[in-house]
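Below is one structure; the comments refer to it alone.
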Amino acid sequence: MATTETIRSLRIWIYDLSPGISYKNFYTYLYASLISIALFSAMGFLQPYVLNANLGIPRAQQGLISGNLGVLSEIVTLFLIKPFGSLSDRIGRVPVLIIGVLALGLGYAFYPTADTLNDLYISRSIWAVGAAAAASTLAAITTDIPQNHCRGKLIGAGNVFNNIGILMVTLGLSQIPLYLMDNGTDARRAGQVAYWVLSSFCLLSTYIFYKGFDGPVLSKPSAGKKDIKFLDLLTNGFMEAKNPRILLAYIVSLTARADLTLKGTYIALWAVQSGMAQGFSPAKAMQQAGFVFGFMMVVGIITHFSWGFFFDRVNRVTATAISMFFGAAGYMSMYFVPSPLDFNYLPFFALLSIGSATSIAVSIGLSGQESSPQNRGSIMGMIGLFGAVGIMITQFIGGRLFDAWGPSWPFIIVGIFQAFIMIIAIIVRILAPGGKEGKQKLAKNI
């Protein structure tokens, strides 16, 4: 009976699930998509509030400190995300995921109690351990759940839930400090409550993941994985880079994950500074920023849903080049924006959302298409590793450019880099397109 259940392949609406994936696994994945990106992005979104309300950091130093906190977080991630991805191949996805979400909760619990910058650095490091474990594992689960021919559509659905989750943060969580302050709570305590709500969601999510991701595919390693040496799992992701399409996915992830932190950190900081210059309190400015993020998320939801169908119907390297075009255009358009709180410039933020919504989908979808199940966690770990490098670079450079050249420059630099990635994608499309076209090209060369 167990054998029959393991090899059974289920279908939900337009999604064909991989053998052994249950309906409960599928719906838990949708919940994970809803809550996970919200837990990742909320740190950067709420951080300007802590810098102002808790520590009173001068405005001229906030970009630098935000960048340094981001760099510290990514150094931790850089060392841990690949081992966590490989560990999930060896012991199963769920144990590593639960460790990660619990660490995220601890980071959120301690962060708003900071009295010094050192306190922030320690709490951010704890949070980063959780982010490394959860991000690499959830990326692997995303490729485990569907069969290859509908992977793009499922990634699109997952990203729709991502955006709904971020809407919960930006339109819901961002309102908590102002609401509490209007009812007599001091600014520091109001911010702490917002963070502790996130910590509570982390605790609740560990139970949901433990119960919902049961079964042999996700909770335990497949037969034979325990026999693979852990060191081999660590090196598998590097070895897979000889496939030019997997290498392209790695390169795309340099900016795909950086996108989330850039928007969460620097648009929020830009908005808070702009609002305070207009006489708003940090809480009021955060509330206004929430509407901008809400608009971007709505655009992202529409894009994710439609992009999934497009992604499954065209060569995925072609889709990658198109995604990088939109990303470059959206990021560089920030040059023309005087303030995120000026709603006349919402079309530019819509373009930014279209580009950013597609980049993470093409990175995970392209690598998932090319990877084998036994190496999938290692490859997703590499996706995370390259993403960590990208975040570290953009945070280090971005924070300094934010203070020195202006708040739009962190985005402009990333836009220029995405234009270069678009060129790389076009070259790969010509020389190694993959699929039927790749086989035909290979046959001609032979």
Apply ring-ring contact (aromatic ring centres under 6.0 Å, His included) to the pair Phe402 and Tyr266, showing each step before the final yes or no.
CA-CA 8 Å; Phe402 187 98; Tyr266 293 115; 5.6 Å; yes
Rounded distance (nearest 0.5 Å) linking atom CG of Leu204 with atom CD1 of Ile208:
4.0 Å
At their closest point, which heavy atom of Gly415 faces which heavy atom of Ala328, and how far apart are they?
O-CB, 3.4 Å
Nearest heavy-atom contact between Ser125 and Val76 is O-CG1, 4.1 Å
Heavy atoms of other groups near Phe326 CZ, more than 12 under 6.0 Å
no
Would one find more than 12 heavy atoms of other residues, nucleotides or ligands at under 6.0 Å from atom OH of Tyr210?
no
Euclidean distance, Tyr29 OH relative to Asn25 CG, rounded to 0.5 Å
12.5 Å
Going through the distances and angles, do Arg400 and Trp405 end up as a side-chain contact (heavy atoms from CB on, under 4.5 Å)?
CA-CA 8 Å; Arg400 286 152 179 79; Trp405 291 6; over 6 Å; no
Supply the atom-to-atom distance Thr206 OG1 to Leu102 CG, rounded to the nearest 0.5 angstrom.
5.0 Å
Restricting to non-hydrogen atoms, name the atom on Pro433 and the atom on Val317 that form the minimum distance, rounded to 0.1 Å.
O-CG2, 3.7 Å
Taking all non-hydrogen atoms of both residues, which atom of Phe386 and which atom of Ser253 are closest, and how far apart?
CB-OG, 3.2 Å
Residues at least two apart in sequence or cross-chain that pass side chain to side chain donor-acceptor pair (under 3.5 Å) with Ser73, listed by chain then number, are none
side-chain contact (heavy atoms from CB on, under 4.5 Å) between Phe349 and Val337: does it pass, once the steps are laid out?
CA-CA 9 Å; Phe349 287 98; Val337 178; 3.9 Å; yes
Does a side chain donor of either Ser356 or Tyr331 reach within less than 3.5 Å of an acceptor in the other side chain?
no
Please step through side-chain contact (heavy atoms from CB on, under 4.5 Å) for the pair Leu97 and Leu138, ending with a clear verdict.
CA-CA 7 Å; Leu97 178 60; Leu138 286 170; 3.8 Å; yes
With a 4.5 Å limit on heavy-atom distance, are the side chains of Arg124 and Met43 in contact?
yes
Minimal non-hydrogen separation, Leu120 against Ala114, with atom names
CD2-CB, 3.5 Å
Within the 4.5 Å heavy-atom criterion, are Leu39 and Cys202 side-chain neighbours or not?
yes
ring-ring contact (aromatic ring centres under 6.0 Å, His included) against Tyr111, all qualifying residues, sequence neighbours excluded
Tyr195
Quick one: are Ile421 and Phe417 in side-chain contact, heavy atoms under 4.5 Å?
yes
Applying side-chain contact (heavy atoms from CB on, under 4.5 Å) to Gln418 and Met332, what does each step give before you reach the verdict?
CA-CA 10 Å; Gln418 286 194 321; Met332 288 191 283; over 6 Å; no
Residues 109-120 vs salt bridge (charged side-chain N to carboxylate O under 4.0 Å, His left out), sequence neighbours excluded, gives Asp115-Arg188
Please answer whether the main-chain N or O of Ala109 pairs with a side-chain N or O of Trp196 as donor and acceptor at a distance below 3.5 Å.
yes
Can a donor-acceptor pair be found between the side chains of Thr137 and Arg93 at a distance below 3.5 Å?
no
Taking Ser123 for its side chain and Gly107 for its backbone only, find out whether a donor-acceptor pair lies under 3.5 Å.
no
Can you tell which of Ile424, Thr320, Leu247 makes a side-chain contact (heavy atoms from CB on, under 4.5 Å) with Val252?
Thr320
To check you understand the geometry: which heavy-atom pair defines the closest contact between Ser199 and Gly105, and what is its length?
OG-O, 2.8 Å
CG/Leu203 to OH/Tyr108 distance, rounded to the nearest 0.5 angstrom?
15.0 Å
Nearest 0.5 Å please: distance from the CZ atom of Phe110 over to the CD1 atom of Ile126.
5.5 Å
Can you measure from CH2 (Trp270) to CD1 (Ile267) and round to the nearest 0.5 angstrom?
7.5 Å
Give a yes or no on whether the backbone of Met296 and the side-chain of Ser353 come within a donor-acceptor separation of less than 3.5 Å.
yes
Quick one: does Tyr121's side chain have a donor or acceptor within less than 3.5 Å of a partner on Asn68's backbone?
no
